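Input: a single structure, listed below in C-alpha cells.
Only a predicted model underlies this, so the values are computations on that prediction, with no experimental measurement involved. So that the names make sense, note that chain A is the first sequence line, chain B the second, and so on, each numbered from 1.
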Number of protein chains: 2
Amino acid sequence: MTRRMGGGAIRMQDVARAAGVSAITVSRALGAPDRVSPETRARVEAAVRALGYVPNLAAGTLKSQRSRIVVAIVPTLANAIFAETVEGMTEALRAEGYQLLLAHSGYAPETEESLVTAFLGRRPDAIVLTGLHHTAAARAQIRAAGIPVVETWELGGAAIDMNVGFSNRDAARALTTALVARGYRRIAFVGVDPAAEPRARRREQGYRDAMAEAGRRPLIHRLVEDRGISMRSGAGMLDALLAGPRPADAVMFTNDYIAFGALAECARRGIAVPGRLAIAGFGDFEVARECHPALTTVRVPGREMGRRAATLILDRLAGRPAPPRVDLGFDVVLRDSA
Amino acid sequence: MTRRMGGGAIRMQDVARAAGVSAITVSRALGAPDRVSPETRARVEAAVRALGYVPNLAAGTLKSQRSRIVVAIVPTLANAIFAETVEGMTEALRAEGYQLLLAHSGYAPETEESLVTAFLGRRPDAIVLTGLHHTAAARAQIRAAGIPVVETWELGGAAIDMNVGFSNRDAARALTTALVARGYRRIAFVGVDPAAEPRARRREQGYRDAMAEAGRRPLIHRLVEDRGISMRSGAGMLDALLAGPRPADAVMFTNDYIAFGALAECARRGIAVPGRLAIAGFGDFEVARECHPALTTVRVPGREMGRRAATLILDRLAGRPAPPRVDLGFDVVLRDSA
DNA sequence: ATGAAAGCGCTAACAG
DNA sequence: CTGTTAGCGCTTTCAT
C-alpha cells in the first residue's frame with residue numbers, strides 16, 4: 001500500500017508521515033496517550049488503523065530495556081495441576097500488557113536450567129518458577145539478571161526473591177491427622193522418590209509428622225517412576241497395600257490422579273472403599289470431586305498461586321510494595337472415600 | 001566485576017574485548033560456530049562463561065528480522081486436551097532454539113484476536129492457532145504478517161496456511177457407527193452449543209451422519225454452558241437422557257470428561273453401565289482408560305498435532321517443503337462402557 | 001504538547 | 001577466518 005513490500009513491515013515512521021506528525025508523537029500516542037493532544041491522538045490512531053500498524057516490540061524492548069515479557073517454567077502441563085496456575089498467571093498479566101513465555105521442565109532441574117538460560121536472552125521483566133529446587137547455575141543466572149522472581153507451589157526460607165504457595169508439609173499433615181481422627185488404624189502413604197520431587201517429599205514428611213504425633217509407625221510405599229506418574233501407577237499399588245498379614249486400612253496418595261487410579265482399581269476388583277480400604281488424594285482436582293466415591297483430599301490454590309505470582313510481579317515492577325512471601329493456605333476436604 | 005553495574009548487562013562487545021576479538025566474531029562463535037576457528041571459538045566460549053554473558057535476543061531479532069519465537073493460542077489449558085498439544089509443540093521447537101509465546105483464548109474468537117494483535121508485535125516467526133474459526137480481523141492481521149501459520153485440531157478447506165489435525169466429524173461418525181454395530185437402539189448425543197464450539201459442532205454432525213446412515217432419528221441434548229463444560233455437566237445430563245417413555249440406551253458425549261461425569265453419576269445412582277445406559281466419550285484422555293468401567297471413546301492425536309505443527313513450521317522456515325494439510329487420523333477405542 | 005538527535009545491542013553486507 | 005560499517009525500529013533525553 002505504501003512504498004514497502006516483500007518483508008518490510010510498516011514502521012512508526014510510516015504512521016507518523018500518514019498522520020503528519022513525528023515518530024515520537026506516534027510513540028507517545030500509543031504508549032502514553034495523555035501526553036498527546038486529543039486531536040493528534042485521533043489522527044495517529046486513524047493512521048495506525050489505516051495502515052494496520054503493529055509496533056515492533058523488539059525495537060521497543062531494546063531501547064527501553066523493558067520487554068513486558070514474563071517467563072514461566074512449570075514441571076508439566078499434562079496435569080491440570082500446573083495448567084491452572086499458568087492460566088491464572090496469563091490472565092492477570094495480560095490485563096497489564098505483559099506476555100508469557102512458557103516451557104515445561106519435565107521435573108528435571110537441568111532442563112529448567114537450560115530453559116532459564118535460553119529465556120533470559122529475551123530480557124524478561126520477571127520470571128516465575130515452580131518450587132524452590134533449582135540448579136546452582138540457574139539460581140546464579142537469575143540473580144545476575146536482577147529481575148523479580150517468584151517461586152510457587154512450595155513455601156520455604158530458601159526462596160531467591162518472592163515466594164507464593166502453601167505448605168505441602170502442613171497440608172499432608174492435616175490430611176493425615178484427619179484420617180487418624182476418622183479412626184483408621186493402618187494409614188499408608190504412597191509417594192514418589194523424594195529426591196526427584198521436592199513437593200512430594202514435603203508431603204511425605206507431613207505424613208510422617210502426623211503419624212509420629214499420633215504414635216503410629218509410618219507405612220511408606222513409593223512409585224517406581226518418578227515422573228509420568230499418574231492414574232495407572234495408583235492402580236498398580238493395590239497389591240502392595242493389601243498384602244501381608246496386616247494390610248493398610250487407609251492410604252493417602254501424593255496426588256489425586258494417582259489416588260483415582262487406585263480407586264478405580266478397587267472398583268474393578270470389588271474392593272469396598274472406604275469399607276476395606278479408605279483412599280485419600282492430594283490437590284482436589286476435578287476428578288476428586290466428581291468420581292464415586294468422591295475423594296477425600298486437600299484443596300490447593302492452583303489458579304490463585306498463578307494470579308498472586310502475577311500481581312506480586314506487577315506490584316514490584318510498578319514500584320509498589322510486594323511481600324516476599326505469601327501463604328495461600330489449603331483446605332482439607334473430607335468426602336466419602338475416606 | 002567489569003566496569004558495569006546497576007542495570008547494564010554484559011554485551012557482546014565486552015565478551016569480544018575479553019576474548020581479544022571483534023564483536024562479530026563473538027556473534028559467529030555463538031550462532032555459527034563452524035565459521036570460526038576452533039581456537040577462537042574456545043576463547044570466546046571461555047569469555048562468555050567467565051562473564052556470564054547472555055546474548056540480548058531483542059537486539060538480534062531487530063537486526064536479523066528473525067525472532068525465533070512461535071506464538072500459540074489454545075482455547076484452554078485447564079483440560080489436558082490442549083496441554084498435550086502445547087507440550088508436543090514446545091518440545092519440538094526447543095530442540096531448534098525456538099521459544100513459545102503462549103496464551104489461552106477461553107474459546108472466545110474476540111479474545112483470540114486481541115491476543116494475536118498483541119503477540120504480532122513480537123514479530124514471531126510463526127503462529128499456531130487452534131481450530132479454523134477466527135475473526136476476520138485476526139485472519140487479516142496474520143496474513144499481513146506473512147508468517148507461517150498452522151491451524152490444529154480441525155481439518156478443513158478454509159485454512160489460512162497449513163493445517164494439521166483430524167476429522168472431528170469422521171471420528172464422531174465412526175464412533176457412532178460402532179455403537180450402532182454393538183446393537184444400541186436409542187443412541188443419544190450430548191454436545192455443546194454448536195455456534196460456540198466449532199469442533200463440537202463437527203462431532204455432532206458426524207453423529208448425525210452416522211445416525212442417518214443407520215436410518216435412526218438423532219437424539220441431541222445440549223449442555224447449557226458453552227465453556228467451562230466439564231465432568232459436572234455430564235452428571236447433570238442423566239435425568240434428561242433417562243426421562244420419558246423411551247429413554248436412551250446409549251449416549252455419546254462430546255468429550256471424555258463430560259462422559260466421565262455421567263459415568264460417575266451412574267455409579268452414584270446405581271445405574272448399570274453399559275447394561276442400562278452405555279456411555280461413550282471423545283478424546284481418550286487418561287481418565288477414559290483408567291476409570292471403571294473403562295470408557296469407549298475415540299483416541300485423538302493431541303501431542304502429535306503439536307509435534308507436527310512444530311515440524312511443519314520448522315520445515316517451512318528452513319525452506320524445506322511442508323505439506324499444507326496433514327491428517328493425523330483417529331482411532332475408535334472400544335472398551336467396557338459401551 | 002511536540003520534535004531532533006542519539007543509541008539500545010546486535011547481525012547483514014561487504015570487505016580483506 | 002576475521003573485521004568494519006551501518007542500521008534494524010523504537011524510546012530516552014533534551015530541547016522548544
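A ring pair (Phe, Tyr, Trp, His ring centres under 6.0 Å) check over residues 31-85 of chain B, counting only residues at least two apart or in different chains, returns the pairs F82(B)-W153(B). Sequence neighbours left out, not one pair with a member in residues 26-46 of chain A passes ring pair (Phe, Tyr, Trp, His ring centres under 6.0 Å).
Side-chain contact between L93(B) and L314(B): present, with at least one pair of heavy atoms (C-beta onward) separated by less than 4.5 Å.
Checked against side chain to side chain donor-acceptor pair (under 3.5 Å), T76(A) has the following partners two or more places apart in sequence or in another chain: E87(B). Among residues two or more places apart in sequence or in another chain, the salt bridge (charged side-chain N to carboxylate O under 4.0 Å, His left out) test is passed with D315(A) by R320(A). Judged as a side chain to side chain donor-acceptor pair (under 3.5 Å), and not counting sequence neighbours, R94(A) has no contacts.
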Under 3.5 Å, side-chain donor or acceptor atoms of residues 24-37 of chain B against the rest of the protein: list the pairs with distances, not counting sequence neighbours.
residue: T25(B); atom: OG1; partner: S22(B); partner atom: OG; Å: 3.3
residue: S37(B); atom: OG; partner: T40(B); partner atom: N; Å: 3.2
residue: S37(B); atom: OG; partner: T40(B); partner atom: OG1; Å: 2.7

Please table the atom pairs, donor to acceptor, closer than 3.5 Å between any side-chain atom in residues 126-133 of chain B and protein atoms at least two apart or in another chain.
residue: T130(B); atom: OG1; partner: I73(B); partner atom: O; Å: 2.9

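When the P atom of dT11(D) is taken as reference, atom CG of L30(A) falls 8 Å away, rounded to whole Å. As a whole-Å value, the separation of Y53(B) OH from dG9(C) C1' is 7 Å. Here the C1' atom of nucleotide dT5(D) and the CD atom of Q13(B) are 13 Å apart, to the nearest Å. The nearest whole Å value for the distance from the CD1 atom in I10(B) to the P atom in dC10(C) is 11 Å. Note: CZ (R43(B)) to C1' (dT2(D)) measures 11 Å, nearest angstrom.
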Distances under 3.5 Å between protein N/O atoms and the N/O atoms of nucleotides 1-7 of chain C, please, pair by pair.
residue: dT2(C); atom: OP1; partner: S37(A); partner atom: OG; Å: 3.2
residue: dT2(C); atom: OP1; partner: T40(A); partner atom: OG1; Å: 2.4
residue: dT2(C); atom: OP2; partner: S37(A); partner atom: N; Å: 2.8
residue: dG3(C); atom: OP2; partner: S22(A); partner atom: N; Å: 3.0
residue: dG3(C); atom: OP2; partner: S22(A); partner atom: OG; Å: 3.0
residue: dG3(C); atom: OP2; partner: T25(A); partner atom: OG1; Å: 2.5
residue: dG3(C); atom: N7; partner: R28(A); partner atom: NH2; Å: 2.6
residue: dG3(C); atom: O6; partner: R28(A); partner atom: NH1; Å: 3.4

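Listed by residue number, there are no residues of residues 116-124 of chain B with a heavy-atom contact under 4.0 Å to DNA chain C.
Note on Q65(B): every side-chain N or O is 4.0 Å or more away from OP1 and OP2 of dA12(C).
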